[in-house]
Amino acid sequence: MKGNQATTWTEGTSADLVADALAMGVKASLRMVTSWVEDGMLANPEPRKTSAHGSDPRIFPPRQRELFTRLLEARERSPLGRIPQRALIRVVLFLWLIDDTIVPTPQARRAWRTHARAAGQTTAVRRGQNVRTLVEQLAHPSATHKQRRAAQLVIEEGERTGRIDINRLTSVLTELNSPWSTQPGMPRIERALPGPFGPISVQHHIAMWKARQQTFRSLRHEEIDETELDRVRTVYRPSWADYQASRPAMATIGAGEFAAYFAEPDTMEGHAIEAVDAFVGTLAGELGLIEAASHATESARLRLTH
């Protein structure tokens, strides 16, 4: 829609997309369109051969031309001036998750690569703040400064290097979460943390962190082919739909500490963040990464007791 007037979208060349942007008062160039294709914001334009001796410029289907305009509109209406590309990538992935006619899977695969490359990218100051917040969430009130600092350093190292030492992380986070001495011959008592779906062990947090990190690595290097992405999407859709249907009841049951966890986002960008994050979790499970990480963290926990 442009104002109250409906737009009939037709196929267009890269030059047509640039003209669309300029008509909106948005700066654009052929190089920008090419960059959007490489990053998965747009699909590859399709060849259109018109004679035995040549061809016209490649064209974007009508829905891709519309997608280009809609993404520009979303970027321009942001109260922050211009929202970062990683936010727009999530919208592209959200459309792929919910619709088969707008974003083709080859485009989505490139978009997942772009999304994975941006995941975790932040300043050292912001990373430190995030880690300190996580440490305080996991820490028992009686955890010492030394225990908190040890956990913070190990988590920061994992965030910075992209490599998680399961044994070290299990050791420092178990001490942080259950900071009491064990008696000889007695099993260690470990507390679980409250969660929206029930108590959660520290080992579960570690396993999910490890599995998601491995999933992002696979997406970043395009190690997951289009057939697998399509397969996991068919698994994801009904489970995500079931969650959405039961969400109001869960919000009522979880009223209080976890009520906000089930609150519906009030923007499309908010829905995109949730849906994309949930798909990454489904993908990690379908690839067997959560099960493998859970076995590794349980082995690390058992070693601590001996």
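In the hydrophobic cluster analysis, where Ile, Leu, Val, Met, Phe, Trp and Tyr join through side-chain heavy atoms closer than 4.5 angstrom, Leu22 is grouped together with Trp36. Each of Ile98 and Val235 belongs to its own hydrophobic cluster when Ile, Leu, Val, Met, Phe, Trp and Tyr are linked at side-chain heavy-atom distances under 4.5 angstrom. In this structure, Val232 is a member of the same hydrophobic cluster as Val92, with clusters built from ILVMFWY side-chain heavy atoms closer than 4.5 Å. When the side chains of ILVMFWY residues are joined at heavy-atom separations under 4.5 Å, either directly or via intervening members, Leu30 and Leu42 end up in a single hydrophobic cluster. Hydrophobic clustering of Ile, Leu, Val, Met, Phe, Trp and Tyr side chains at less than 4.5 Å, counting indirect connections, keeps Met268 apart from Ile273.
Between Met41 and Leu88, the closest side-chain pair of non-hydrogen atoms falls below 4.5 Å. The shortest side-chain heavy-atom distance between Gln152 and Arg132 falls under the 4.5 Å cut-off. Residues Ile164 and Ile166 are in side-chain contact: their nearest non-hydrogen atoms beyond the backbone lie under 4.5 Å apart. Here the side chains of His221 and Arg113 are not in contact, with every heavy-atom distance at 4.5 Å or above. Under the 4.5 Å side-chain criterion, counting only non-hydrogen atoms from C-beta, Arg109 is not in contact with Pro106. Between Ile89 and Trp112 the shortest side-chain heavy-atom distance does not fall below 4.5 Å. Looking at heavy atoms from C-beta onward, Leu287 lies in side-chain contact with Glu228 at the 4.5 angstrom threshold. For the pair Gln203 and Thr174, the minimum side-chain heavy-atom distance is below 4.5 Å.
Under a 3.5 Å cut-off, the side chain of Thr215 and the backbone N or O of Ala211 do form a donor-acceptor pair. Using a distance-only test at 3.5 Å, with no hydrogens or angles considered, a donor-acceptor pair links the side chain of Thr114 to the main chain of Asp39. Side chain of Ser246 to backbone of Tyr243: a donor-acceptor contact under 3.5 angstrom is found. Between the Arg212 side chain and the Ile290 main chain, no donor and acceptor come within less than 3.5 Å of each other. Here the side chain of Asn177 pairs no donor or acceptor atom with the backbone of His140 at under 3.5 angstrom. No side-chain donor-acceptor contact under 3.5 Å links Ser294 to the backbone of Ala207.
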What do the steps show when you test Phe279 against Leu93 for side-chain contact (heavy atoms from CB on, under 4.5 Å), and what is the final call?
CA-CA 10 Å; Phe279 180 81; Leu93 292 171; over 6 Å; no
Show, in sequence, the C-alpha distance, side-chain angles and deciding distance for Asp242 and Arg237, and conclude whether the salt bridge (Lys or Arg N to Asp or Glu O under 4.0 Å) test is met.
CA-CA 9 Å; Asp242 288 344; Arg237 282 177 171 172; over 6 Å; no
Full working for side-chain contact (heavy atoms from CB on, under 4.5 Å) between Arg149 and Leu153:
CA-CA 6 Å; Arg149 182 59 178 164; Leu153 291 175; 3.6 Å; yes
Using the side-chain contact (heavy atoms from CB on, under 4.5 Å) rule, take Arg70 and Leu95 through it: C-alpha gap first, then chi angles, then the decisive distance, then the call.
CA-CA 12 Å; Arg70 299 305 184 210; Leu95 292 173; over 6 Å; no
Walk me through whether Glu157 and Arg163 qualify under salt bridge (Lys or Arg N to Asp or Glu O under 4.0 Å).
CA-CA 8 Å; Glu157 181 181 353; Arg163 294 187 298 272; over 6 Å; no
Check the pair Arg117 / Arg86 against side-chain contact (heavy atoms from CB on, under 4.5 Å), numbers first and verdict last.
CA-CA 9 Å; Arg117 286 177 176 175; Arg86 63 178 177 271; over 6 Å; no
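Between Arg90 and Val276 the shortest heavy-atom distance is O-CG2, 3.7 Å. Between Trp96 and Leu229, the closest heavy-atom pair is CH2-O, 3.6 Å.
When Asp225, Thr227, Asp230 are each tested for a side chain to side chain donor-acceptor pair (under 3.5 Å) with Thr105, only one passes: Asp230. A side-chain contact (heavy atoms from CB on, under 4.5 Å) with Thr170 holds for exactly one of Leu302, Ile206, Val154, Asp165; it is Ile206.
The structure places CZ of Arg63 at 11.5 Å from CH2 of Trp9, a figure rounded to the nearest 0.5 Å. The distance from the CD atom of Gln214 to the OG atom of Ser218 is 7.5 Å, given to the nearest 0.5 Å. Atom CZ in Phe60 sits 8.5 Å away from atom CZ in Phe68 (nearest 0.5 Å). Taking CG of Leu219 as the reference point, atom CD1 of Ile224 lies at 4.0 Å (rounded to 0.5 Å). Taking CD of Gln147 as the start and CG of Leu138 as the end, the distance is 13.0 Å to the nearest 0.5 Å. In this structure, Thr10 OG1 and Arg65 CZ are separated by 4.5 Å, a value rounded to the nearest 0.5 Å.
Ring geometry, Tyr236 versus Trp240: the interplanar angle falls under 30°, so the pair is classed parallel (tilted spans 30 to 60°). Under the 30°/60° scheme for interplanar angles, the aromatic rings of Phe94 and His271 are found to lie parallel.
Between Arg217 and Glu223, at least one side-chain N (NZ, or NE/NH1/NH2) sits under 4.0 Å from a carboxylate O, which counts as a salt bridge. Ion pairing of Glu156 with Arg160 is absent here, as no side-chain N (NZ or NE/NH1/NH2) approaches a carboxylate O to less than 4.0 Å. Using a cut-off of 4.0 Å between Lys/Arg side-chain N and Asp/Glu carboxylate O, Glu274 and Arg247 are scored as salt-bridged. In summary, Arg110 and Glu222 do not engage in a salt bridge, as defined by a charged side-chain N under 4.0 Å from a carboxylate O.
By the 6.0 Å contact criterion, CD on Gln244 is enclosed, its count of non-hydrogen atoms from other residues, nucleotides or ligands being greater than 12.
Judged purely by distance below 3.5 Å, without hydrogens or angles, the side chains of Gln64 and Gln107 pair a donor atom with an acceptor atom. Asp16 and Thr13 are linked by a side-chain donor-acceptor pair at a separation below 3.5 angstrom, with hydrogens and angles left out of the test.
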